[in-house]
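Report on the structure given below.
All figures in this text were calculated on a predicted structure; none of them were measured in a lab.
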Amino acid sequence: RAGAPGAEGRRVKNIRSAAGPTMLDFEIFLTNRCNLACAYCSSRHLRAEKETKSLSFEQLKSFVDLVSRDRRVRRHFTGTTKVLFSGGEPLLEFGLIKKTVDYIRANRLDFKLAVMTNGTLLTRSRLDYFLRNGVYVGISLDGDRERNDRHRKFAGGGGSVFDRVM
């Protein structure tokens with residue numbers, strides 16, 4: 001009966017089980033540091049903190065181990081695990097990203113990995129590393145040079161952010 005007590009709960013349970021395995025989707029904010037000072041930055045309050053903060057490899061390793069090995073987590077979430085490294089500017093912590101990706105790949109974990117960056121610190125060798133390890137790279141720009149550089153400025157001043165990325 002549609003109006004019977006508990007009917008809604010049974011319906012939700014049936015929909016959930018019919019949908020198949022569920023995905024885990026994480027965004028990991030690695031650091032509050034950034035090399036830009038964008039006028040509209042949603043994280044500017046974090047950049048203004050006197051103390052810079054970054055996650056440690058031990059924290060990231062604990063996260064990876066929990067998500068990949070904890071029986072309770074794996075029982076409820078059997079699908080793909082997606083991890084997006086972001087920040088401030090995550091490439092300021094490239095060594096940390098590399099160590100974490102290497103740990104994930106060495107343990108043969110089927111994680112879909114990505115980095116969202118402003119692109120100013122992306123070098124050929126870093127891009128090659130990401131490509132070799134199946135890490136997707138997203139670069140944020142605000143349009144053409146004029147539009148982008150109107151609001152995106154280097155924290156120390158000087159130069160075109162658009163030109164650095166392109």
Side-chain angles (χ1 to χ4, degrees), residues 5-38 40-142 152 155 165:
E8 185 65 31
R10 283 193 299 278
R11 203 169 336 152
V12 169
K13 184 176 181 183
N14 291 339
I15 291 170
R16 193 176 303 133
S17 62
T22 49
M23 173 184 69
L24 286 171
D25 197 346
F26 297 96
E27 178 175 359
I28 298 179
F29 197 91
L30 290 176
T31 182
N32 65 343
R33 298 184 311 132
C34 188
N35 61 329
L36 299 184
C38 302
Y40 55 79
C41 180
S42 61
S43 300
R44 66 182 166 272
H45 65 284
L46 296 172
R47 282 192 349 256
E49 291 181 6
K50 291 182 175 144
E51 181 183 346
T52 59
K53 297 176 184 165
S54 298
L55 293 177
S56 68
F57 175 69
E58 291 72 29
Q59 289 170 312
L60 290 172
K61 182 180 177 299
S62 293
F63 159 76
V64 169
D65 291 344
L66 174 70
V67 169
S68 64
R69 296 187 178 122
D70 186 275
R71 290 179 191 195
R72 293 167 298 179
V73 172
R74 296 317 312 165
R75 186 174 7 162
H76 295 291
F77 301 99
T78 57
T80 302
T81 299
K82 294 184 177 182
V83 177
L84 171 67
F85 297 106
S86 70
E89 173 48 42
L91 292 185
L92 287 168
E93 296 293 338
F94 178 74
L96 179 61
I97 294 171
K98 184 178 183 305
K99 193 170 182 178
T100 305
V101 170
D102 290 348
Y103 179 75
I104 290 167
R105 297 304 184 227
N107 284 282
R108 300 178 189 267
L109 301 175
D110 187 28
F111 282 26
K112 305 297 182 209
L113 303 173
V115 174
M116 180 53 74
T117 174
N118 62 37
T120 60
L121 301 174
L122 188 61
T123 63
R124 170 54 63 191
S125 64
R126 288 176 176 180
L127 185 58
D128 287 344
Y129 173 81
F130 290 140
L131 289 171
R132 279 192 318 274
N133 287 281
V135 178
Y136 295 93
V137 177
I139 299 173
S140 57
L141 286 172
D142 294 341
R152 288 178 171 246
V165 174

What are the two closest heavy atoms between [X] and [Y], and how far apart are they?
{"X": "Cys34", "Y": "Ala155", "result": "O-CB, 4.4 Å"}
{"X": "Ser86", "Y": "Glu27", "result": "OG-OE2, 2.7 Å"}
{"X": "Gly119", "Y": "Ile139", "result": "CA-CG2, 4.0 Å"}

* Tell me the side-chain hydrogen bond (donor to acceptor under 3.5 Å, both in side chains) pairs involving residues 132-142, sequence neighbours left out? ->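 Those involving residues 132-142 are Tyr40-Asp142, Ser140-Arg152, Asp142-Arg152.
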Test side chain to side chain donor-acceptor pair (under 3.5 Å) applied to [X] - qualifying residues, sequence neighbours left out:
{"X": "Thr117", "value": "Glu89"}
{"X": "Arg72", "value": "Asp70"}
{"X": "Arg69", "value": "Asp65, Tyr103, Asn107"}

Could you tell me whether the side chain of [Y] reaches within less than 4.5 Å of the side chain of [X], counting heavy atoms only?
{"X": "Thr123", "Y": "Leu91", "value": "no"}
{"X": "Val83", "Y": "Val67", "value": "no"}
{"X": "Gln59", "Y": "Leu96", "value": "no"}
{"X": "Leu24", "Y": "Arg74", "value": "yes"}
{"X": "Phe130", "Y": "Val101", "value": "no"}
{"X": "Asp110", "Y": "Thr81", "value": "no"}

* To do: Starting at NZ of Lys61, measure out to NZ of Lys99 and round the result to the nearest 0.5 Å.
  =>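 Taking NZ in Lys61 and NZ in Lys99, the distance rounds to 10.5 Å.
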* Rounded to the nearest 0.5 Å, what separation is found between the CG atom of Leu60 and the CD1 atom of Ile28? ->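 Output value for this atom pair is 5.5 Å.
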Using the test side-chain contact (heavy atoms from CB on, under 4.5 Å), find all partners of [X] that sit at least two apart in sequence or belong to another chain.
{"X": "Thr120", "result": "Asn35, Leu36, Asn118, Phe154, Val161, Arg164, Val165"}
{"X": "Lys82", "result": "Met23, Asp25, Thr80, Lys112"}
{"X": "Leu127", "result": "Leu122, Arg124, Leu131, Val137"}
{"X": "Ser54", "result": "Thr31, Arg33, Glu93"}

* State which residues pass ring-ring contact (aromatic ring centres under 6.0 Å, His included) with Tyr129; sequence neighbours excluded, sorted by chain then number. =>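 Tyr129 satisfies ring-ring contact (aromatic ring centres under 6.0 Å, His included) with Phe94 only.
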* To do: Start with the C-alpha distance between Thr100 and Phe85, add both sets of side-chain angles, then the distance that settles side chain to side chain contact (heavy atoms under 4.5 Å, CB included), and finish with yes or no.
  => CA-CA 10 Å; Thr100 305; Phe85 297 106; 4.1 Å; yes
* Asked: Do side-chain atoms of Arg105 reach the backbone of Arg108 as a donor and acceptor pair under 3.5 angstrom?
  ->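 Such a contact is absent between Arg105 side chain and Arg108 backbone.
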